[in-house]
Amino acid sequence: MFSTLVRGFADPSIRKKLIVTLLLVVVYRIGCIVPVPGIDAQIFNDEVANNEFLGILSAITGGALANGAFFAMGIAPYINASIIMQLLTIALPRLQALSKQGTDGRKKIARYTRYLTLVLAIIQAVGLVVAWGDASISTTLLEPIFGTNDAANRWVTTIMVILFFTAGTAFTVWIGERITDLGIGNGISLLIFVGIIATAGNALRDNILAISMDNLYPVWGLLGFVGLLILIFALIIYVDMAQRKIPVQYAKQVKGRKMYGGQSTFIPMKINASGVLPIIFASSLVAFPSLILMVFNITDGWFADFWNRFMLMGRPLYTVVTGLLILGFAFFYAQANFDPIDVSRNIQQNGGFIPGIRPGRPTAEYLKRVHTRITLFGALFLAAVAIIPAFIFGFVVPGNQTLINAFTATGMLIVVSVALELDRQIQAQLMMKQYKGFLD
């Protein structure tokens with residue numbers, strides 16, 4: 001990875017894209033630090049520190065939520081909008097037809113996703129302000145305009161804060177799209193990557209600074225934590241790059257005076273084809289009731305009592321439900337993105353066959369059987385990564401919830417996948433430069 005970056009900076013055109021990417025990332029990080037006018041940032045920080053769910057949301061934004069910054073909501077509304085649009089594209093025939101219309105169809109779906117992002121951003125901004133109450137709003141900001149009219153100051157400031165949060169999300173999406181167009185890599189994924197890395201770096205720094213000569217016990221816990229991280233990252237990289245290669249042989253065909261075909265290739269089936277999406281889906285679904293209870297400040301009633309006793313993060317029932325949801329979403333996403341009948345038809349139409357398997361229906365059944373087994377292994381791996389590391393970290397660094405929240409399963413999977421994708425894109429552009437120089 002580092003050698004690829006060095007080679008990329010050595011090339012003028014790639015260096016320009018990398019510098020543009022770095023500058024836009026710096027702008028994003030500044031927006032994660034500067035607080036929104038009219039709020040009490042300390043209340044935001046205290047709420048995030050006392051709420052495990054909000055702590056994870058803040059970790060994804062690089063601490064912007066805890067700072068009460070412009071980019072406090074980060075890219076989360078856009079991610080939720082993208083997930084909803086993906087599901088609707090599968091469910092609604094009109095959107096499915098748009099997705100098959102090439103560039104124009106994808107542009108329309110992207111525009112609909114932006115509109116939905118704004119709607120979700122407004123809802124989430126209202127939820128944050130309502131959940132944290134009037135204490136989080138400062139009434140002194142607009143006193144030069146409204147005087148000492150506390151009610152007017154509070155209402156106008158609240159609306160302004162909601163608009164700032166919503167605009168911050170829109171600007172974050174714009175930065176991500178500019179990185180995609182002018183820089184290197186997928187901008188949205190890269191911003192999430194930067195936020196997670198920033199949070200993890202801050203958590204490690206705080207734990208290192210807390211070590212003193214009088215108490216060296218945290219050193220061994222931190223060393224064990226880092227060692228486990230390295231093992232987990234190695235396992236994630238190994239599974240993320242693993243794939244099953246289905247051999248395909250194309251028969252020779254004589255057309256005119258030329259002979260075509262006779263080639264051997266393969267169909268790559270990734271072990272973890274669905275990536276981090278099943279974990280995001282499952283975590284969002286399980287966390288949604290907690291968000292509703294927090295927004296409406298519901299503390300009494302059978303549902304609130306049941307949820308707080310059994311479905312908070314780390315509870316046994318929460319673990320079981322999350323694992324089952326990850327398995328279900330992994331199978332759903334894998335089946336939606338791989339059609340064995342269509343693949344079998346394409347192979348047969350191009351004069352190909354899988355050695356030892358008859359073309360047509362037997363090929364489709366074989367592909368479905370192999371794909372189901374691979375998907376099962378990938379789903380079990382995702383469920384294990386989402387559940388097991390949190391328990392292990394709890395034994396290694398007990399009570400250090402800040403450090404545990406900084407290295408969630410979702411975060412680690414995103415970091416690995418984005419880093420590998422960025423490395424592949426830089427290598428691909430370097431390869432194109434070599435071919436261009438060879439042809440010239």
For this session: List in chain and number order the residues that pass ring-ring contact (aromatic ring centres under 6.0 Å, His included) with Phe338, two or more places apart in sequence or in another chain; answer none if no residue qualifies.
Result: His371
Exercise. Is the number of heavy atoms from other residues, nucleotides or ligands under 6.0 Å of Arg358 CZ greater than 12?
Worked result: no
Problem set entry | ring-ring contact (aromatic ring centres under 6.0 Å, His included) partners of Phe329, counting only residues at least two apart | Phe281
For this session: Using atom types as modelled and distance alone, determine if a side-chain donor or acceptor of Asp423 lies under 3.5 Å from a backbone N or O of Ala419.
Result: no
Problem set entry | Within-4.5 Å side-chain heavy-atom neighbours: Leu120 and Thr169 | no
For this session: Write out all pairs satisfying salt bridge (Lys or Arg N to Asp or Glu O under 4.0 Å) with one or both partners inside residues 359-378, taking only residues at least two apart or from two chains.
Result: Arg361-Glu365
Exercise. Any side-chain heavy-atom pair from Ile347 and Ile267 closer than 4.5 angstrom?
Worked result: yes
Problem set entry | Atom CD1 of Ile341: over 12 foreign heavy atoms under 6.0 Å | no
For this session: Write down the atom of Ala170, the atom of Leu118, and the distance for their closest heavy-atom approach.
Result: CB-CD2, 4.1 Å
Exercise. Which side chain to side chain donor-acceptor pair (under 3.5 Å) pairs, counting each pair once, include a residue from residues 171-191, with sequence neighbours left out?
Worked result: Arg114-Glu177, Arg178-Asp181, Asn186-Ser189
For this session: Evaluate the criterion ring-ring contact (aromatic ring centres under 6.0 Å, His included) for residue pair Phe70 and Phe171; output intermediate values, then yes/no.
Result: CA-CA 9 Å; Phe70 281 93; Phe171 190 48; 9.4 Å; no
Seminar exercise, completed: What one should report as the nearest heavy-atom pair of Thr375 and Ala330 is CG2-O, 3.9 Å
For this session: Give a yes-or-no answer on whether the side chains of Gln96 and Thr89 include a donor-acceptor pair shorter than 3.5 Å.
Result: no
Seminar exercise, completed: Here the pair of heavy atoms bringing Ile184 nearest to Lys17 is CG1-CB, 3.7 Å
Seminar exercise, completed: Looking only at heavy atoms, the pair that brings Ala69 and Phe165 closest together is O-CE2, 3.3 Å
Problem set entry | Residues which pass ring-ring contact (aromatic ring centres under 6.0 Å, His included) with Phe381, listed by chain and number, not counting sequence neighbours | none
For this session: For residues Thr166 and Ala125, report the shortest heavy-atom separation together with the two atoms involved.
Result: OG1-CB, 4.1 Å
Exercise. Would the number of heavy atoms belonging to other residues, nucleotides or ligands and lying under 6.0 Å from CZ of Phe303 be above 12?
Worked result: yes
Exercise. In this structure, are over 12 heavy atoms from other groups packed under 6.0 Å from Arg111 atom CZ?
Worked result: yes
Exercise. Is there a side-chain contact between Phe71 and Leu65, using heavy atoms and a 4.5 Å cut-off?
Worked result: no
Problem set entry | Nearest-0.5 Å distance, CG of residue Leu182 to CG of residue Leu24 | 7.5 Å
Problem set entry | Non-hydrogen side-chain atoms of Ile426 and Leu18 separated by less than 4.5 Å | yes
For this session: Flag the pair Asp342 and Arg345 as a salt bridge only when some basic side-chain nitrogen lies within less than 4.0 angstrom of an acidic carboxylate oxygen.
Result: yes
Problem set entry | Any residue meeting ring-ring contact (aromatic ring centres under 6.0 Å, His included) with Tyr366, in chain and number order, not counting sequence neighbours | none
Problem set entry | Smallest separation among heavy atoms of Pro278 and Leu382, with atom names | CG-CD1, 3.8 Å
Exercise. With side chains defined as the heavy atoms from C-beta onward, is the minimum distance between Phe353 and Gln348 less than 4.5 Å?
Worked result: no
